[in-house]
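Everything numeric here is computed off the predicted structure, so don't read it as measured data.
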Amino acid sequence: MKPLVIEHITKSYGKVQALKDVSFEVERGELFGFIGPDGAGKTSLFRILTTLIKPDSGTATVLGMDVIEDYRSIRPKLGYMPGQFALYQDLSVRENMNFFASVFGTTLEENYDLVAPIYSQLEKFEDRLAGALSGGMKQKLALSCALIHKPELLVLDEPTTGVDAVSRQEFWEMLQRLNAEGITVIASTPYMDEAEQCDRVALIDEGKILQIDTPAKVVQSFNKPILAVKATSMYWLIKELRSYQWSHSVQPFGEYVHYTDQREVPNADELKAYLSDAGLSGISIKPTSPDIEDSFIALMQNRNIHE
Ligand SMILES: Nc1ncnc2c1ncn2[C@@H]1O[C@H](COP(=O)(O)OP(=O)(O)OP(=O)(O)O)[C@@H](O)[C@H]1O
C-alpha cells in the first residue's frame, strides 16, 4: 500500500483555482518534497491530505484510507506541522509537548526515544515560552510535537521558512534521520536549494504540478547550454541580454545572470562583443551547469507559452 495516492484533485476559493487536477503518489519510506513559490497551492494540498479541508473533486488516499470517508482514522496516524501557528506561543516548551502528547493520548516519556535527538536540544529551555524561542528552535519544537504520537506519515508545510541557512540544513538532517527510521515524510518548501535533500520532488506552480522526479533527473531535463554572465551594472546587463537577437532566457542568479540562446550553441565571443558595444564594462562570460532552479524556471516559462 502506498502511503499517499492523490488523483485529479481540484480546489478553488471563489474565482481562485488553488489546485488544478493534481495527481501524484508517494512511496513508503520516501522523503518527498513539494517545491513551489508562494501561492503555488502547497498549503491547500497539505490541508486536503491532512483532512482539514475537502477537495472540490478528485480523491486522496492516505495510508490506504480516504481523506473524506475515513478522516477520523487517518488523523491519529499523521504528524502534521503546519506552516504557521503550529505552537501555542504562550505555553512553555514543556507545556506544548505535554499538550500535543495528551491530544493523542500519549506522554512525552512514552515516546521519548523517537523525539530525543530533536527534543534534547530544547530541554534546557523547557520553561521558556514557545513565543520567545528563535525561529529554528520553534521549528524543532513544532517537529517534536508533530512526532510525539509516532506517526506513520509526517507532513510538514514549509518547515524551514523563516529559518536561517544553518538551521535549515540541520532541520533537513533531522528529517533524513527520521526518514531512515522508516517514517515517510512529505515536506513543502519555497527554497529550490532544498530539493536535493529529497528522494523525489514535485515542482508546483499556480496549482499545477510541472514535474515529479528525483532532483538529479529534474536537473538533467534542462538540456540547453547556459552561460553565466556578469557585468558592472546588473540592471543594464539584464536589459541588454533581453534585447539580444538570439536571447532565449535571461535569469538573475546571485551575482551572475544565466543566459540561454535560441541557437543550439551560444557564441560567447559574439555575445561579449555585443555587450561591450552596448557600453557595458566588467564583462565576464563562462559556461555553467544548470541547477534545479534553472529547470524550474524553464518549466514555468514553457507552461506560460503553452497556456
Ligand atoms: N482561504 C482562502 N481563501 C481564498 N483564497 C485562498 C485561501 N487559501 C488560499 N487561497 C489562495 O489559493 C492560492 C494557493 O494558496 P496556498 O496557500 O495553497 O499556496 P502556498 O503554495 O501554500 O503558498 P503560501 O506559501 O503563500 O501559503 C493562492 O492564490 C491563495 O491566495
Of Leu19, Ile212, Leu210, which is the lone residue that meets side-chain contact (heavy atoms from CB on, under 4.5 Å) with Ile204? Leu19
I want to check something: taking the side chain as every heavy atom from C-beta on, are Ile292 and Glu196 in contact at a cut-off of under 4.5 Å? no
Distance under 6.0 Å and angle within 45° of ring axis: Lys224 vs Phe222: no
Okay, side chain of Thr189, backbone of Ile35: is any donor-acceptor separation there less than 3.5 Å? no
Ignoring hydrogens and angles, state whether a donor on the side chain of Tyr259 or Asp261 is under 3.5 Å from an acceptor on the partner side chain. yes
Indicate whether any N or O donor in one side chain lies under 3.5 Å from an N or O acceptor in the other, for Ser44 and Tyr13. yes
Tightest non-hydrogen contact, residues Gln197 and Trp172, listed as CB-CE3, 3.5 Å
Applying the 4.5 Å side-chain criterion to the ILVMFWY set and letting contacts propagate, would Tyr112 and Phe104 be lumped into a single cluster? yes
Show, in sequence, the C-alpha distance, side-chain angles and deciding distance for Tyr244 and Leu275, and conclude whether the side-chain contact (heavy atoms from CB on, under 4.5 Å) test is met. CA-CA 9 Å; Tyr244 186 48; Leu275 292 173; over 6 Å; no
Side chains of Pro287 and Pro225 in contact at under 4.5 Å (non-hydrogen atoms): no
In terms of hydrophobic clustering (I, L, V, M, F, W, Y; side-chain heavy atoms under 4.5 Å; direct or indirect links), are Ile9 and Phe34 co-clustered? yes
Is there a donor-acceptor contact under 3.5 Å from the side chain of Gln139 to the main chain of Pro159? yes
Is there a chain of hydrophobic side chains (I, L, V, M, F, W, Y, each step under 4.5 Å between heavy atoms) that links Leu299 to Met192? yes
Is there a side-chain contact (heavy atoms from CB on, under 4.5 Å) between Lys2 and Arg28 once you walk through the steps? CA-CA 6 Å; Lys2 299 195 182 197; Arg28 183 162 288 278; over 6 Å; no
Keeping Asn179 on the side-chain end and Gly29 on the backbone end, is there a donor-acceptor pair under 3.5 Å? yes
Hey, does the side chain of Ser23 reach the backbone of His8 with a donor-acceptor pair shorter than 3.5 angstrom? yes
Could you state the interatomic distance from CD (Gln251) to NE2 (His258), rounded to the nearest 0.5 Å? 9.5 Å
Treating Arg200 as the side-chain partner and Glu30 as the backbone partner, does any N or O pair qualify as donor plus acceptor under 3.5 Å? no
Hey, is CZ on Arg168 packed in by over 12 heavy atoms from elsewhere, all under 6.0 Å? yes
Once you round to the nearest 0.5 Å, how far does CG of Leu271 lie from CH2 of Trp246? 13.0 Å
Assigning hydrophobic clusters by single linkage (Ile, Leu, Val, Met, Phe, Trp, Tyr; side-chain heavy-atom cutoff under 4.5 Å), is Tyr71 placed with Leu154? no
Close side-chain approach of Leu45 to Phe24, heavy-atom, < 4.5 Å: yes
Closest non-hydrogen atoms of Ser12 and Asp56, given as atom of the first, atom of the second and distance, are N-OD2, 2.7 Å
Nearest atoms (heavy-atom pairs only) where Pro215 meets Ala195: CG-O, 3.3 Å
Quick one, Phe100 and Leu147 - any side-chain contact, counting heavy atoms below 4.5 Å? no
Looking at Ser247 and Leu241, would you say the former's side chain and the latter's main chain have a donor-acceptor pair under 3.5 Å? yes
Check Asp70, Thr50, Thr51 against Arg75 for a side-chain hydrogen bond (donor to acceptor under 3.5 Å, both in side chains) and give me the one that passes. Thr51
Compare all side-chain heavy atoms of Glu158 with those of Pro190 and state whether any distance is below 4.5 angstrom. yes
Rounded distance (nearest 0.5 Å) linking atom CG of Leu133 with atom NZ of Lys138: 7.0 Å
Using distance alone, with no hydrogens and no angle criterion, decide if Asp157 and Ser188 have a side-chain donor and acceptor under 3.5 Å apart. yes
Would Leu108 and Ile148 count as a side-chain contact (heavy atoms from CB on, under 4.5 Å) here? Give the steps. CA-CA 7 Å; Leu108 174 58; Ile148 192 63; 3.9 Å; yes
Minimum heavy-atom distance between Lys77 and Ser73, given as atom pair plus value: CG-O, 3.8 Å
Other hydrophobic cluster members with Val163, side-chain heavy atoms of Ile/Leu/Val/Met/Phe/Trp/Tyr under 4.5 Å, chained? none
Using ring pair (Phe, Tyr, Trp, His ring centres under 6.0 Å) as the criterion, list what pairs up with Tyr80, not counting sequence neighbours. none
Assess whether atom CD of Glu264 is packed by more than 12 heavy atoms of other residues, nucleotides or ligands within 6.0 Å. no
Could you go through residues 231-240 and list every donor-acceptor pair under 3.5 Å that involves a side-chain atom there, pairing it with any protein atom two or more places apart or in another chain?
from, atom 1, to, atom 2, distance (Å)
Thr232, OG1, Ser281, O, 2.8
Thr232, OG1, Ser281, OG, 3.1
Ser233, OG, Trp236, N, 3.2
Glu240, OE1, Tyr274, OH, 3.4

Give the intermediate values and the outcome of salt bridge (charged side-chain N to carboxylate O under 4.0 Å, His left out) for residues Glu109 and Arg94. CA-CA 12 Å; Glu109 289 69 29; Arg94 177 77 197 200; 2.8 Å; yes
Go through Leu153 and Val26 one step at a time and tell me if the side-chain contact (heavy atoms from CB on, under 4.5 Å) criterion holds. CA-CA 10 Å; Leu153 175 67; Val26 173; 5.6 Å; no
Rounded distance (nearest 0.5 Å) linking atom NE2 of His149 with atom OG of Ser102: 12.5 Å
Between Asn96 (side chain only) and Phe99 (backbone N and O only), is there a donor and an acceptor less than 3.5 Å apart? no
Would you compute the distance between atom OG of Ser249 and atom CD of Gln262 and round it to the nearest 0.5 angstrom? 10.0 Å
Measure from the side-chain N and O atoms of Gln169 to the backbone N and O of Ala165, and report whether any donor-acceptor pair falls under 3.5 Å. no
Could you measure the distance from the CE atom of Met97 to the CG atom of Leu141? Nearest 0.5 Å is fine. 7.0 Å
Is the closest side-chain heavy-atom distance between Met81 and Phe46 below 4.5 Å? no
Does a side-chain heavy-atom distance below 4.5 Å link Ile48 with Ile6? no
Tell me whether Ile283 shares a hydrophobic cluster with Ile226, the cluster being built from Ile, Leu, Val, Met, Phe, Trp, Tyr side chains joined at under 4.5 Å. no
How close do Lys286 and Tyr256 get, heavy atom to heavy atom, and via which atoms? NZ-OH, 3.4 Å
In the structure I gave you, are the side-chain heavy atoms of Tyr88 and Cys145 within less than 4.5 Å of one another anywhere? no
Minimum-distance pair of heavy atoms, taken over all atoms of Pro290 and Val219: O-CG1, 3.4 Å
Donor-acceptor pair, side chain of Lys230 and main chain of Gly282, under 3.5 angstrom: no
For Glu170, does the CD atom have more than 12 heavy-atom neighbours from other residues, nucleotides or ligands under 6.0 Å away? yes
Look at the side chain of Asn111 and the backbone N and O of Leu114, then say whether any donor-acceptor pair between them is shorter than 3.5 Å. no
